[in-house]
Asker: 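Input: one structure, supplied below.
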Amino acid sequence: MIRLSQERTKTLLAIHGWSAVFLGLLLYAVILTGVASVFATEIGDWSSPLSGKVEDPFPAGTDRMIRGLAATVDPEFHEELFFFPRAGGRLWAFFHKHETDEDGKPRERGVAAEFDPRTGAIIQRVEGTDEAIEARDEANALAHFMVDLHVRLHLPNPWGLLLTGILGLAMLVAAVTGFVVHRHLIRELFTLRRRGDRLLSARDTHVIAGTWNLPFAFILAFTGSYFSFGSAFAIPAMAMVAFGGDQEKMIETVVGHPPAVDETAAPMADLDAMIADARARSGAELSFVQVQHWGRADALVTVFPRYRDGELSTLSYVYGGADGMFRYAKPALGLTPSTGGALFDLMAPLHFGHFAGVWSKAVWFALGFASAYVTITGLLLWTTRRQAQRGWRHLAAATHATGYGLPLGLVLAGWAYFPARAAGADVHGAMMTVFLLTLALACVLAWRVTEFATARRALLGASGIALIGLPVVRMLCGGPTWPGAFDAGLHTIIAFDIGLVIGGACCLGTLRRAPHSAMQKTADSDALEEAAGV
């Protein structure tokens, strides 16, 4: 037992609490951006639609589009190709080769093109590394901004993935310990003291949301940690130990693509026929097509279907690229079904919630929002109770600035995206600049106000106005109006706009409620202790 003075004990406890709040705020950022990322596909379709609805992103004529692009691409980039639908239904194709950068990290270099599947015309064609090509992608930029903030907090690899993986483990620990410490779990599912102290009501709401959300929080944390650590640490470590550092060889062995090498030139078979056959076999729409060694006798084409509604696993279908003949169906991991492969297959649908289309996404959105609410309300209760102590008022200010400033920053990133794209400016830089400035202004506001309720109301009001005004900004910057979107069959745009307006109205509606003045005072220490659950 280490003997410490009372003053040093207080200092260490403060450091312990401060670090917990810091990690909690980062976790809140990851969860909140994950809530937005659930509808990443819809965000892309809403923010960057084509002039009409794309009925089929892999239409008859896909073979002609891809074959025409291949004829213009240097054969050194024929090592691998993948193509799949992106924002607005565009078909995105990327011919590339694998290489390493100056630091020895793997990367891809090649030629990418976006097609309009309705006409087969090329919308955009770019060359370079995968990072350089992504930086020039405007159509999917808004959705990518949300996803990248969720996946790695816009930090360089692998540090961003490692950090979000650690935060996922922290959330996993919180879910498990939350289940253990709630001794009256059943009672707390339904306890809400509406007529009591407002701080007690806030505590009850926090507990109810957290208790109902415990199973989902566990699933989300476990699968999120798996994805972060899997790509940032597990795959490189496995490759180093078992395959002498060759990640591609490891992936071929584990995933199951070990074709015999035959570099003889051979024309590619009809991609349209392979796509039609995969649709018939799977009974589902397709999500992704990969081609290895385009124009060679050993070419392989792998078609990845989407999940059929209500199912949590699917098979991919492998064809000979030169003859177009079906070779075999395979699970996501390995060549034959296995328990490990089944568990691996569950990770993506359980984390992203896309196994039953928009309905499962809506459920995941609601549960994710509840997780964000539990996280930020817990931090608010914890920091507000201690704000009279030295240093804690600053943490309380940071919690209010992040809790209410982060959602506003995400919305205003959309406000930056549309004018920047209309003006031909750098949309990525514009979104990041506005996002960071919003967070900075939220911090200034939270630190300068006398009562945090003032900052809360100001930021919530600004978020409400920003949400309601975002559809207007989209239309003013060249986006389709509601009548135009309806006539073109772009119903996602109308639905998304309505959702934004409803969200804005909810933010403004909270301003009609009396501010939680009790959360700003510490005079009644007994009530504060009970509200914090101490």
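The first residue in the sequence is number 1, and the count goes up from there.
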Asker: Do you see a donor-acceptor pair shorter than 3.5 Å between the side chains of W364 and H351?
Answerer: no
Asker: Determine, stepwise, if the pair I133 / W92 fulfils side chain to side chain contact (heavy atoms under 4.5 Å, CB included).
Answerer: CA-CA 12 Å; I133 290 173; W92 194 78; 4.0 Å; yes
Asker: Is D130 close to E134 at the side-chain level, that is, under 4.5 Å between some pair of heavy atoms?
Answerer: no
Asker: Tell me if a side-chain donor or acceptor on D101 pairs with a main-chain N or O of K105 at a distance below 3.5 Å.
Answerer: yes
Asker: Please enumerate all residues that pass side chain to side chain contact (heavy atoms under 4.5 Å, CB included) together with E42, with sequence neighbours excluded.
Answerer: F39, K361, T492, F496
Asker: With sequence neighbours left out, write down each residue that passes side chain to side chain contact (heavy atoms under 4.5 Å, CB included) with S463, or none if nothing qualifies.
Answerer: L408, C507
Asker: Heavy atoms, side chains only, cut-off 4.5 Å: are L32 and I376 in contact?
Answerer: no
Asker: Where is the tightest heavy-atom contact between S287 and P85, given as atom of each residue plus distance?
Answerer: O-CD, 3.6 Å
Asker: Give a yes or no on whether the backbone of D137 and the side-chain of H428 come within a donor-acceptor separation of less than 3.5 Å.
Answerer: yes
Asker: Is a side-chain N or O of R474 found less than 3.5 angstrom from the main chain of P480, in a donor-acceptor match?
Answerer: yes
Asker: When you compare the side chain of R306 with that of T314, does any pair of heavy atoms fall below 4.5 Å?
Answerer: no
Asker: Report yes or no: does H78 contribute a side-chain atom to a donor-acceptor pair with the main-chain N or O of H293 at less than 3.5 Å?
Answerer: no
Asker: What distance do L412 atom CG and L439 atom CG have between them, rounded to the nearest 0.5 Å?
Answerer: 10.0 Å
Asker: Quick one: does any side-chain atom of H96 pair with a main-chain N or O of G110 as donor and acceptor, under 3.5 Å?
Answerer: no
Asker: Applying ring-ring contact (aromatic ring centres under 6.0 Å, His included) between F84 and each of F288, F94, F58, report the one that passes.
Answerer: F288
Asker: Give a yes or no answer on whether the side chain of W447 reaches the backbone of A397 with a donor-acceptor pair at less than 3.5 Å.
Answerer: no
Asker: Under a 4.0 Å N-O cut-off, is there an ion pair linking E80 with K97?
Answerer: no
Asker: Just by distance, do the side chain of T164 and the backbone of V151 share a donor-acceptor pair under 3.5 Å?
Answerer: yes
Asker: Taking ring pair (Phe, Tyr, Trp, His ring centres under 6.0 Å) as the test, write out the residues that go with F77, two or more places apart.
Answerer: none
Asker: Taking side chain as C-beta onward, heavy atoms only, is W46 less than 4.5 Å from D497?
Answerer: yes
Asker: What is the distance from atom OG of S47 to atom CZ of R421, rounded to the nearest 0.5 Å?
Answerer: 7.0 Å
Asker: Between CG of L271 and CE of M65, what distance do you get to the nearest 0.5 Å?
Answerer: 10.0 Å
Asker: Looking at A430 and A420, what are the two nearest heavy atoms and their distance?
Answerer: CB-CB, 3.8 Å
Asker: My understanding is that only residues two or more places apart in sequence, or in another chain, count here; which of them pass ring pair (Phe, Tyr, Trp, His ring centres under 6.0 Å) with Y28?
Answerer: none
Asker: Under 6.0 Å between ring centres: does that hold for F435 and F145?
Answerer: yes
Asker: Roughly how far, to the nearest 0.5 Å, is the CD1 atom of I494 from the NE2 atom of H491?
Answerer: 6.0 Å
Asker: Counting distance only, does the side-chain N/O of T62 pair as donor-acceptor with the main-chain N or O of P59 below 3.5 Å?
Answerer: yes
Asker: Which atom pair, heavy atoms only, marks the closest approach of L406 to A29?
Answerer: CD2-CA, 3.5 Å
Asker: Give the minimum heavy-atom separation between I465 and W415, together with the two atoms involved.
Answerer: O-CZ2, 4.4 Å
Asker: For the backbone of V301 and the side chain of Y317, can you confirm whether one donor and one acceptor N or O come within less than 3.5 Å of each other?
Answerer: no
Asker: So, for L490 and P49, which heavy atoms are closest and what is the spacing to 0.1 Å?
Answerer: CD1-CB, 4.1 Å
Asker: Do R125 and L69 have side-chain heavy atoms sitting under 4.5 Å apart?
Answerer: yes
Asker: Between P407 and T402, what is the shortest heavy-atom contact and its length?
Answerer: CD-O, 4.0 Å
Asker: State, yes or no, whether a side-chain contact exists between V38 and F369 at a heavy-atom distance under 4.5 Å.
Answerer: no
Asker: Say you draw a straight line from CZ of F304 to CG of L315; how long is it, rounded to the nearest 0.5 Å?
Answerer: 11.5 Å
Asker: Tell me every residue that passes side chain to side chain contact (heavy atoms under 4.5 Å, CB included) with E131, counting only those two or more places apart in sequence or in another chain.
Answerer: T129
Asker: Is the shortest heavy-atom distance from the side chain of W294 to the side chain of I66 under 4.5 Å?
Answerer: yes
Asker: Check whether S360 reaches the backbone of G353 with its side chain - one donor and one acceptor, N or O, closer than 3.5 Å.
Answerer: yes
Asker: Measure the CG-CG distance between L441 and L436 for me, rounded to the nearest 0.5 Å.
Answerer: 11.0 Å
Asker: Mind checking whether T33 and M146 have side chains closer than 4.5 Å, heavy atoms only?
Answerer: no
Asker: Just wondering, are more than 12 heavy atoms of other shown residues or ligands nearer than 6.0 Å to CZ in F352?
Answerer: yes
Asker: Please list, chain by chain and in numerical order, all residues satisfying side chain to side chain contact (heavy atoms under 4.5 Å, CB included) with I123, sequence neighbours excluded.
Answerer: L50, R90, E114, D116
Asker: Any chance NE2 of H394 has more than 12 other-residue heavy atoms, nucleotides or ligands included, within less than 6.0 Å?
Answerer: no
